[in-house]
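Throughout, protein chains are lettered first and strands after them, A, B, ... in sequence-line order, and every chain is numbered starting at 1.
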2 protein chains.
Amino acid sequence: MTDRLDLAFSALADPTRRAILTMLLEDDMAVTDVAEPFQMSLAAISKHLSILTRAGLISQEKRGRVKWCKLEPTAMKDASVWMESFGQFEVVNLDAFERFLDDELVDSPDNLTEQTDQA
Amino acid sequence: MTDRLDLAFSALADPTRRAILTMLLEDDMAVTDVAEPFQMSLAAISKHLSILTRAGLISQEKRGRVKWCKLEPTAMKDASVWMESFGQFEVVNLDAFERFLDDELVDSPDNLTEQTDQA
DNA sequence: GCCTTTGTCAACCAACTGGTTGAATAACGT
DNA sequence: ACGTTATTCAACCAGTTGGTTGACAAAGGC
């Protein structure tokens, strides 16, 4: 219990934490800066960051009095690999191939800002 | 809150539910048969199944007195797509492309039968 | 030295989770 | 009609989660 996948998926289950990961996609950030756009307390964000750290999704390194947060995509990739087993049923076709090529051409991930409203 | 991704990721965060999904990879199953390998009560499994249903990861159809559970990979794929954005850092290269082509050549997914710890 | 900034810790709280049990519902076999 | 099988419902419980606040420690600036 509480293996890698448990930690990764339950860390990803929270929208605040997903938003944080999206922010870190742009650049490494200090804890205070991560907290800035949110309405909740700094302590709450600090907790979220330690959950993300425990899941291996980010790493934190203290330099001076500032603690820098850095995205660690490896843990996410493990979870992604687990999920991909389920996808094979439907996606092995030219459509997927085309989308793959499209993704290759996109160099900056501007369309990533938490796409929750597109239901 | 509690949007699609919240539901999908938190459903996937539980090892029992991931095991259930893996079982359903093989074939559609009745609730009782899903419950059989687990040590917990049937009611607990029933709850897990409704969580998976609410997340869209499976569908349930009642035929006679038996409720059949069927894998629905679409919801998982949504989550997978979200995650893949984070992979771009490391995988955008010929390696990924090559693996994609390899997958294309495999016509039957026979190598899927044992990728988890499910006994 | 002193004040400010950065971040965590500890205690607390309400809400949710994952399990239990026992009763209820619904369809089947005979 | 009756007992059996399949599944859910309702109430309950312990433990976890996601937030709060106030106190604290550590590093920097002046």
Side-chain angles (χ1 to χ4, degrees), chain A residues 1-24 27-71 114 116, chain B residues 1-24 27-70 118:
Chain A
M1 316 27 176
T2 75
D3 70 346
R4 272 175 22 263
L5 288 177
D6 290 61
L7 292 174
F9 282 127
S10 63
L12 291 171
D14 185 275
T16 301
R17 287 192 290 265
R18 287 200 307 277
I20 290 174
L21 291 174
T22 304
M23 291 164 61
L24 291 177
D27 207 351
D28 299 359
M29 294 179 81
V31 175
T32 307
D33 296 333
V34 169
E36 197 267 335
F38 297 97
Q39 286 310 100
M40 67 190 70
S41 70
L42 184 62
I45 296 293
S46 178
K47 279 191 190 179
H48 280 305
L49 289 171
S50 65
I51 289 172
L52 288 169
T53 301
R54 187 149 166 269
L57 292 165
I58 68 170
S59 61
Q60 290 179 287
E61 184 202 355
K62 191 162 185 176
R63 267 202 311 271
R65 64 178 161 178
V66 174
K67 202 166 188 178
W68 293 91
C69 306
K70 180 172 175 297
L71 198 61
E114 188 67 15
T116 53
Chain B
M1 324 324 151
T2 76
D3 71 347
R4 272 172 24 260
L5 288 176
D6 291 61
L7 292 174
F9 281 128
S10 64
L12 292 171
D14 186 275
T16 301
R17 288 192 289 265
R18 288 199 307 277
I20 290 173
L21 291 174
T22 303
M23 291 164 62
L24 291 177
D27 208 350
D28 299 359
M29 294 178 82
V31 174
T32 307
D33 295 333
V34 169
E36 196 267 335
F38 297 98
Q39 287 311 99
M40 69 189 69
S41 70
L42 185 61
I45 296 294
S46 179
K47 278 192 191 179
H48 280 305
L49 289 171
S50 64
I51 289 172
L52 289 169
T53 301
R54 187 151 164 268
L57 292 165
I58 67 169
S59 60
Q60 289 179 290
E61 182 202 356
K62 191 162 186 178
R63 263 195 322 264
R65 63 179 162 180
V66 175
K67 203 165 188 178
W68 292 92
C69 306
K70 180 174 175 296
Q118 231 295 312

According to a strict under-4.0 Å criterion, is [X] in side-chain N/O contact with OP1 or OP2 of [N]?
{"X": "Ser46(B)", "N": "dT7(D)", "answer": "no"}
{"X": "Lys67(B)", "N": "dT8(D)", "answer": "yes"}
{"X": "His48(B)", "N": "dT17(C)", "answer": "no"}
{"X": "Ser41(B)", "N": "dG19(C)", "answer": "no"}

What's the [atom1]-[atom2] distance between [X] and [N], to the nearest Å?
{"X": "Leu42(A)", "N": "dC24(D)", "atom1": "CG", "atom2": "C1'", "result": "14 Å"}
{"X": "Asp33(A)", "N": "dT6(C)", "atom1": "CG", "atom2": "C1'", "result": "11 Å"}
{"X": "Asp14(B)", "N": "dT17(C)", "atom1": "CG", "atom2": "P", "result": "11 Å"}
{"X": "Ile45(A)", "N": "dT20(D)", "atom1": "CD1", "atom2": "P", "result": "9 Å"}
{"X": "Asp6(A)", "N": "dT17(C)", "atom1": "CG", "atom2": "C1'", "result": "14 Å"}
{"X": "Glu36(B)", "N": "dT5(D)", "atom1": "CD", "atom2": "P", "result": "15 Å"}
{"X": "Phe9(A)", "N": "dT16(D)", "atom1": "CZ", "atom2": "C1'", "result": "20 Å"}
{"X": "Leu49(A)", "N": "dC9(C)", "atom1": "CG", "atom2": "C1'", "result": "15 Å"}

Exercise: identify the closest heavy-atom pair between [X] and [Y]:
{"X": "Ile58(B)", "Y": "Gln60(B)", "result": "CD1-CG, 4.2 Å"}
{"X": "Thr16(A)", "Y": "Phe38(A)", "result": "CG2-CE2, 3.8 Å"}
{"X": "Asp6(B)", "Y": "Pro15(A)", "result": "OD2-CD, 3.0 Å"}
{"X": "Val34(B)", "Y": "Met23(B)", "result": "O-CE, 3.5 Å"}

Nearest-nucleotide wise, let me know which of Ala43(B) and Ala13(A) is further upstream toward the 5' end of DNA chain D.
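That would be Ala43(B).
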
5′-ward residue of the pair Thr16(A)/Val31(B) relative to DNA chain D
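It is Val31(B) whose nearest nucleotide is closer to the 5' end.
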
Under 4.0 Å, counting only non-hydrogen atoms across every strand here, what does [X] touch: a base, just sugar-phosphate, or nothing?
{"X": "Ile51(A)", "value": "sugar-phosphate"}
{"X": "Lys62(A)", "value": "nothing"}
{"X": "Arg63(B)", "value": "nothing"}

Measure from the side-chain heavy atoms of Ala44(A) and tell me the nearest of dG19(D), dT7(D), dA11(D).
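Nearest to the side chain of Ala44(A) among the choices is dG19(D).
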
Presence of donor-acceptor pair under 3.5 Å, side chain of Arg65(B) and base of dT7(D)
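Such a pair does not exist between side chain and base.
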
State plainly whether the residues Asp3(A) and Arg18(B) are in salt-bridge range, i.e. N to O under 4.0 Å.
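Judged by the 4.0 Å cut-off on N to carboxylate O distance, Asp3(A) and Arg18(B) do form a salt bridge.
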
Reading DNA chain C from 5' onward, which residue's closest nucleotide shows up sooner: Thr32(A) or Met40(B)?
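Mapping each residue to its closest nucleotide by heavy atoms, the 5'-most match is Thr32(A).
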
